[in-house]
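Note that this is a predicted model, so its numbers are computed, not measured.
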Protein chains: 2
Amino acid sequence: MFEARLAQGSIFAKVIEGLRELVTEATWECSGNGITLQAMDSSHVALVSLVLRSDGFETYRCDRNMSLGISLTSMSKVLKMMGKDDTLTIRVNDDSDAIVLSMESQNQEEFAEYELRLMDLDSEHLGIPDTDYSCVVKMPSTKFSRICRDMAILGDSVTICSTKDGVKFGAKGDVGQGSIRLNQSTNVDKEEDAVSIELREAVALTFAVRYLNMFCKAAPLSNQVNLSMSEDTPLMCEFKVGDMGHIRFYLAPKIEDAEN
Amino acid sequence: MFEARLAQGSIFAKVIEGLRELVTEATWECSGNGITLQAMDSSHVALVSLVLRSDGFETYRCDRNMSLGISLTSMSKVLKMMGKDDTLTIRVNDDSDAIVLSMESQNQEEFAEYELRLMDLDSEHLGIPDTDYSCVVKMPSTKFSRICRDMAILGDSVTICSTKDGVKFGAKGDVGQGSIRLNQSTNVDKEEDAVSIELREAVALTFAVRYLNMFCKAAPLSNQVNLSMSEDTPLMCEFKVGDMGHIRFYLAPKIEDAEN
DNA sequence: TCCGTCGTCC
DNA sequence: GGACGACGGA
């Protein structure tokens with residue numbers, strides 16, 4: 001039997017919202033340590049890795065390891081029915097082919113329970129090498145979302161150039177070209193507004209902005225996003241999930257064209 | 001001549017919004033007692049009955065009984081032009097084939113008048129038996145709306161089970177199955193948030209959720225909805241219209257399939 | 001509150 | 001297959 005209870009069910013809903021555009025169905029790996037998920041998007045371009053540690057749940061019980069094939073599309077629909085401050089319990093009974101999501105309103109007067117059929121998915125476990133990145137940019141996730149949205153208006157690709165003083169996002173296309181530069185924050189009024197750069201080596205990498213915009217669906221999970229980069233290595237775009245884990249998105253850089 | 005004046009014209013607009021999806025045109029019966037309307041939806045599945053008593057109007061005059069065939073679609077369009085706090089006057093002159101809607105702004109500085117052609121409709125007067133229901137559930141109309149919308153995501157039908165302690169709405173379909181249970185309120189902080197159940201006999205009835213969602217278009221009329229049910233009897237779903245009348249929707253339960 | 005997408009009806 | 005209306009998201 002598997003049962004995990006989260007007082008703030010909305011966190012889980014945000015996780016699903018953060019994943020579902022990139023990955024419509026995926027296999028969840030449940031063990032005593034927590035829940036993990038790894039998947040590539042349907043065109044096998046981007047990769048996502050989710051970790052939710054068991055100690056982040058209010059209660060957590062996992063008698064044996066389980067692989068659960070789940071439609072994130074359906075799960076998202078069910079989670080939309082959750083009240084704003086509901087407590088969420090996720091349960092899989094032994095020998096059941098369904099996952100049960102229970103939601104309790106804070107005043108205990110409302111109780112909803114939804115059952116989703118589990119799916120048989122070919123689960124590709126993906127080895128993600130631990131990389132020592134040349135550069136890690138930390139910035140407000142809302143700012144990153146806005147920049148990616150804006151760059152998408154200009155073109156399909158965004159080039160991220162990072163030096164020790166700042167980071168520049170640039171795009172060009174039919175409408176024109178443009179770039180936005182953020183300097184590393186000096187006075188950190190609010191931690192969450194800070195832009196900080198850890199840099200061993202300057203980088204300049206180009207990415208398909210469409211995928212970055214999908215990654216940004218996870219932005220409501222965290223005030224800050226971490227962008228870790230090295231030349232010729234996939235970008236890692238990380239959002240923390242409270243203090244219980246993270247979502248990490250990976251995207252290989254485009255090979256630079258002659259004209260860039 | 002017929003003339004009825006309503007200081008709060010928005011109430012009348014809400015009545016029309018509450019009806020127009022189910023019934024696009026209908027015959028209004030005007031008499032000295034007030035206005036009534038009865039109609040079935042186009043597929044003859046659901047029935048609606050409207051009562052607006054004459055004493056609920058600011059002024060009311062009806063020299064002789066009249067049957068007015070009206071396009072609710074057109075009337076809705078006209079009422080959308082009404083200002084938020086306008087006073088509405090409905091008038092039918094003798095020997096006229098039109099109904100005139102006059103709207104005055106509160107400051108008397110704006111005055112609009114629209115004329116709608118009356119229609120010749122075969123008016124079926126429907127006998128609605130007075131039923132002594134086994135169970136009456138009273139709940140916030142917003143909550144009922146949300147539940148019906150959610151249940152529609154899961155499937156075409158919703159099963160309502162009511163016992164003396166609470167009421168449960170359930171649905172099943174492709175995405176999965178689910179249910180939501182409301183307990184009878186114990187401490188009534190706000191009257192309008194209360195869930196209360198008068199029960200002589202427990203009921204479990206299944207309805208086409210599509211129609212319930214149409215009924216919910218009338219929810220803005222009232223904070224509370226009354227669901228009156230008996231086995232093998234049409235549901236009555238009632239919204240009060242201020243203290244001047246009500247809209248009552250009727251819907252026959254589905255015959256239970258073997259699998260339920 | 002307005003715009004875009006999806007579903008239903010003609 | 002096209003048009004209209006409803007619903008959900010930005």
Checking the side chain of B/Ser49 only, and the main-chain atoms of B/Gln38 only, is there a donor and an acceptor separated by less than 3.5 Å? no
Show me the donor-acceptor pairs within less than 3.5 Å that the side chains of residues 7-26 of chain A make with the rest of the protein, sequence neighbours left out.
| from | atom 1 | to | atom 2 | distance (Å) |
| --- | --- | --- | --- | --- |
| A/Glu17 | OE1 | A/Arg20 | NE | 3.0 |
| A/Glu17 | OE1 | A/Arg20 | NH2 | 3.2 |
| A/Glu17 | OE2 | A/Arg20 | NE | 3.1 |
| A/Glu17 | OE2 | A/Ser76 | OG | 2.8 |
| A/Arg20 | NE | A/Ser76 | OG | 3.3 |
| A/Glu21 | OE1 | A/Lys217 | NZ | 2.3 |

Mind checking if B/Arg20 touches a base, just sugar-phosphate, or nothing, with heavy atoms under 4.0 Å? sugar-phosphate
Determine the contact category for B/Lys217: base if any of its heavy atoms lies under 4.0 Å from a base atom, sugar-phosphate if only primed atoms, P, OP1 or OP2 are that close, otherwise nothing. sugar-phosphate
Measure the acute angle between the ring planes of B/Phe169 and B/Phe144, then classify it against the limits of 30° and 60° as parallel, tilted or perpendicular. tilted
Starting at the 5' end of DNA chain D, which residue's closest nucleotide do you reach first, B/Arg149 or B/Thr73? B/Thr73
Taking C-beta and beyond as the side chain, do A/Tyr211 and A/Ser43 meet within less than 4.5 Å on heavy atoms? yes
Measure the shortest side-chain to side-chain distance between B/Ile99 and B/Ile70 over non-hydrogen atoms and say whether it is less than 4.5 angstrom. yes
Let me have a per-nucleotide readout for nucleotides 4-10 of chain C, 5' to 3', with B, S or -, counting only protein heavy atoms under 4.0 Å. ----SS-
Lys/Arg-Asp/Glu bridge criterion (N-O < 4.0 Å) met for B/Lys168, A/Glu113: no
Ionic contact status for A/Glu109 with B/Lys143, cut-off 4.0 Å: no
Contact interval (first through last nucleotide) of DNA chain D with protein chain B, 4.0 Å heavy-atom: D/dA6 to D/dG8
Please round to the nearest 0.5 Å and tell me the distance separating atom NZ of A/Lys172 and atom OG of A/Ser179. 10.5 Å
